[in-house]
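Reviewing the structure listed below.
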Protein chains: 2
Amino acid sequence: MSRRSGILEFAVLGLLRESPMHGYELRKRLNTSLGVFRAFSYGTLYPCLKALVANGWLTEETVGSPEPASLTNRRAKIVYRLTAEGKSHFEELLAHSGPDAWEDEHFGVRFAFFGQTSRDVRMRVLEGRRSRLEERLEKMRTSLARSRERLDDYTLELQRHGMESVEREVRWLNELIESERAGRDQRAVDPAEQHQKDTSGDAGGLPRRRGGSRPDPSDDTTT
Amino acid sequence: MSRRSGILEFAVLGLLRESPMHGYELRKRLNTSLGVFRAFSYGTLYPCLKALVANGWLTEETVGSPEPASLTNRRAKIVYRLTAEGKSHFEELLAHSGPDAWEDEHFGVRFAFFGQTSRDVRMRVLEGRRSRLEERLEKMRTSLARSRERLDDYTLELQRHGMESVEREVRWLNELIESERAGRDQRAVDPAEQHQKDTSGDAGGLPRRRGGSRPDPSDDTTT
DNA sequence: TTCGTCATGTAATGGGTTACATGATTAC
DNA sequence: GTAATCATGTAACCCATTACATGACGAA
């Protein structure tokens, strides 16, 4: 019961699949790595974690307080770990490519886990998103044509900018789809097995354009 | 009591300032003219209208059923009209340029009513939005630099695209701010007085670039 | 000693959607 | 006659935020 919106659940399972974590850290990852799109508060995250545990998808393991030999113990951390059922549940979710997968709220998170998604699902999601945007564009165009005369310059400009944004995303999707087609390897990577960065196997078809930004040696791998 | 989120309220008042309307039509305008950003359902709109009437900002006038000479009467329409208090309330809202005015949810609607906003407020809102986006960009850059190594290509690509979108909006704002600066006329237009389209007075400073799209003579002023 | 960050949680509240109920009118 | 669109409304629910409560640790 209480299907906590899917998107948080999905992201949590996905992040925990990479490695066990406690809530606080999880939230930071949610709002940086995946972020940009959505920021969840503790009031949302913690109850969700409890629910996932209740579903048998996570186990919680208290770390810190039980040991009396504690010098470096802050308040007891609760480390969440994905169970086998949790993992297979996440894989089911990953495999779904239904219409909701390419809606605004879901698409971002789905994309963020494309590294663990099979290529055909990736393709369906990308193409679904694209046609979704294209029909939206169509609507915008007709409604604009119909009301152009009675709209003032600012409203028009807003509309124009909005359309341009959508067009831009379509172009982005086109590029992605094309480079997916170019790639041959449809394997989905299990991040738990992928201990060090796999530079050899090209699992997808990303153009890898990575711009400037010097490699910055400041290492804060804060636990 | 029950400040129904501001944004809907604001948009409703703003649209009704242009001309009286009934709920159904109002909603369509909300989701096309202003749309792109947000779509409200009847379950939100109708209760909001009732609340605005209760506040004395609107009057409701039933049209259709009372007349027995009804040939063209659908179900009784309820036409909402802005009261004097409603109008001055809306003008107060228009004049506010606090921090929330340039947050994601609000900015779009605020911009949509820039035609009725004084130039100094327009400037503050645009500049506020720009610096908001710039600080967001800053965060994204640092968090990206910090985690670049452990992120896979798709996550990286998502991040890159996200940043590019924000950068693009900043450039857009730059253009807008510049053309606002170039404009001299800071008058805010009262749409009720502006019966036919004012092509002479340049109330703002928009680059008026309007692209192609043939003038399409299909007139469906459905009312 | 006070501030910032780490760390976990809950209750109240808010803002909105979905699904439903109702019914007239128009276009095919 | 039946589907689509016009037109208004409500109750149940959902998702998430806010504000609060609690408390330890490190650094200034």
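Here is how names work: the chains are called A, B, and so on, in the same order as the sequence lines, proteins then strands, and each is numbered from 1. Values reported hereafter were calculated over all heavy atoms of this structure, with side chains retained and with hydrogens, waters and symmetry mates removed.
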Given atom [atom1] of [X] and atom [atom2] of [N], what is their separation to the nearest angstrom?
| X | N | atom1 | atom2 | value |
| --- | --- | --- | --- | --- |
| A:Glu60 | C:dA7 | CD | P | 16 Å |
| B:Ile78 | D:dC6 | CD1 | C1' | 14 Å |
| B:Leu30 | C:dG15 | CG | P | 16 Å |
| B:His22 | C:dA24 | NE2 | P | 17 Å |
| A:Leu45 | C:dG9 | CG | P | 10 Å |
| A:Leu8 | D:dC15 | CG | P | 11 Å |
| A:Asn31 | D:dA16 | CG | P | 12 Å |
| A:Leu49 | C:dT10 | CG | P | 12 Å |

Those residues that, when tested against A:Phe114, pass ring-ring contact (aromatic ring centres under 6.0 Å, His included) (two or more places apart): A:Phe111, B:Tyr154
For a quick check of understanding: with a heavy-atom distance under 4.0 Å over all strands, which category does B:Gly43 fall into, base, sugar-phosphate or nothing? base
Please confirm whether the shortest side-chain N or O distance from [X] to OP1 or OP2 of [N] is below 4.0 Å.
| X | N | answer |
| --- | --- | --- |
| A:Tyr42 | C:dG9 | no |
| B:Lys50 | D:dT8 | no |
| A:Arg27 | C:dA7 | no |
| B:Lys28 | D:dC6 | yes |
| B:Tyr46 | D:dT8 | yes |

Looking only at atom types and distance, does a side-chain atom of A:Glu60 sit under 3.5 Å from a main-chain N or O of A:Lys50, one as donor and one as acceptor? no
Test your reading of the model: is there a side-chain donor-acceptor pair from A:Arg110 to the backbone of A:Leu94, 3.5 Å cut-off? yes
How close do B:Leu13 and B:His89 get, heavy atom to heavy atom, and via which atoms? CD1-CD2, 3.6 Å
Identify the two heavy atoms, one from A:Tyr80 and one from A:Leu16, that lie closest to each other, and give their separation to 0.1 Å. O-CD2, 3.5 Å
So if I take every side-chain heavy atom of [X] and compare against [options], which nucleotide ends up nearest?
| X | options | answer |
| --- | --- | --- |
| B:Lys77 | C:dT10, D:dA7, D:dT18 | D:dA7 |
| B:Tyr80 | D:dC6, D:dG9, C:dA7 | D:dG9 |
| A:Thr44 | D:dT17, C:dG16, C:dT8 | D:dT17 |
| A:Phe40 | D:dA16, C:dT17, C:dG9 | D:dA16 |
| B:Tyr24 | D:dT17, D:dC6, C:dT17 | D:dC6 |

Sorted by chain and number, sequence neighbours left out, side chain to side chain contact (heavy atoms under 4.5 Å, CB included) with A:Arg27 holds for A:Asn31, A:Tyr42, A:Leu45
Could you tell me whether B:Arg129 sits above the aromatic face of B:Phe107, with NZ or CZ closer than 6.0 angstrom to the six-membered ring centre and within 45 degrees of the axis? yes
Could you tell me whether A:Arg29 and A:Glu18 have a side-chain N and a carboxylate O separated by less than 4.0 Å? yes
Five-pair end axes of the helix from C:dT1-D:dA28 to C:dC28-D:dG1 and the angle they enclose, rounded to 10°: 30°
